[in-house]
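Following: one structure in C-alpha cells, then a few remarks.
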Amino acid sequence: CMGVYFVAWKGLKKLAVEAAPHNTEASLEGTRLEDVVVVTGNPDCPQNAEGLEVGSSYEFEAEQWFRVSDNRREYWDWLNALARLVGYHWQNPDANGPGPFRELILYGRHTGTIGAIASAKLVSDFGTWDERARSIKDDAFYEHYALMRSMFEYAATDGAVEFRCC
C-alpha cells in the first residue's frame, strides 16, 4: 500500500459547460480538463458538498496533494482516535446529526467532495479541539491532526477536498 492521500483544491469556479473528461468531443474553450474537478455527493454525509452543485464541473486555480497516512489501517486508527476524542460513537442516537468532525467521521468509505463550507467548519473544529488533541500526548496522533487541519485550511475559502487513493 502506497499510503492514504487526499487532494485539495482552491479557487473553484463553476463551468457553464459540463466537462466530460472521457468525452474528447467536449470543447471547453480555454479550459484544460486536468484543471477541472467534477463534484460528487456522499449519501451518508450530504452536507459535505454544501455550496457546490453535485454533478457539476469546476475549474480550479491550484491543487495540493496531502499524504495523510502510511496505510489505510493507520488512517482508520487515527479517525477512530479522533472520534473517541470528541465522544462520538456510531451507536449514539445523534450519531448522524451535527457535531464535531462529523464531516470526516461520516465520510465513511471515502466518497464525495468536501466543499469549502464543510472544510471551514472542520477547520473550526480542529481549532476548538486543538488543546484536547495536544493533551493526549500522542505525537503521531497530533501530527496527523495538524496535517488534516492544514489540508482543510487550504480548501476552506473557495476550494474542496477529496479522498484520492489508498
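Since we're looking at a predicted model, the values are computed, not measured.
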Quick one, [X] and [Y] - any side-chain contact, counting heavy atoms below 4.5 Å?
X	Y	answer
Val68	Trp78	no
Leu15	Tyr58	no
Asp125	Arg102	no
Met148	Leu82	no
His144	Asp77	no
Gln64	Lys10	no

Q) Does Asp138 reach the main-chain N or O of Ala140 with its side chain, forming a donor-acceptor pair under 3.5 Å? A) yes

Q. Is a side-chain donor or acceptor of Asn48 paired with a backbone partner of Ile114 at a separation under 3.5 angstrom?
A. no

Going hydrophobic residue to hydrophobic residue with side-chain gaps under 4.5 angstrom, can you get from [X] over to [Y]?
X	Y	result
Phe141	Phe66	yes
Ile136	Leu79	yes
Ile117	Leu122	no

Q: Might you confirm whether atom CG of Asp139 has over 12 heavy atoms from other residues, nucleotides or ligands at distances under 6.0 Å?
A: no

Spacing of [X] atom [atom1] and [Y] atom [atom2] [to the nearest 0.5 Å]:
X	Y	atom1	atom2	answer
Gln47	Asn42	CD	CG	8.5 Å
Tyr5	Phe163	OH	CZ	11.0 Å
Leu147	Phe152	CG	CZ	10.0 Å

Could you pull out the closest heavy-atom pair between [X] and [Y], with the gap in Å?
X	Y	value
Pro100	Lys121	CA-NZ, 3.8 Å
Ser69	Tyr75	OG-N, 3.2 Å
Tyr88	Ile105	CE2-CG2, 3.4 Å
Val37	Leu12	CG1-CD2, 3.9 Å
Leu52	Ala160	CD1-CB, 4.3 Å
Arg132	Leu85	CG-CD1, 3.3 Å

Q. Ser119: what forms a side chain to side chain donor-acceptor pair (under 3.5 Å) with it, not counting sequence neighbours?
A. none

Q | Results of side chain to side chain donor-acceptor pair (under 3.5 Å) for Asp130 - residues two or more places apart only | A | Arg134, Tyr142, Arg149

Q) Between Arg72, Arg73, Glu74, which is the residue that forms a side-chain contact (heavy atoms from CB on, under 4.5 Å) with Trp76? A) Arg72

**Q.** Partner residues of Phe126 under the ring pair (Phe, Tyr, Trp, His ring centres under 6.0 Å) criterion, sequence neighbours left out
**A.** Phe101, Tyr145

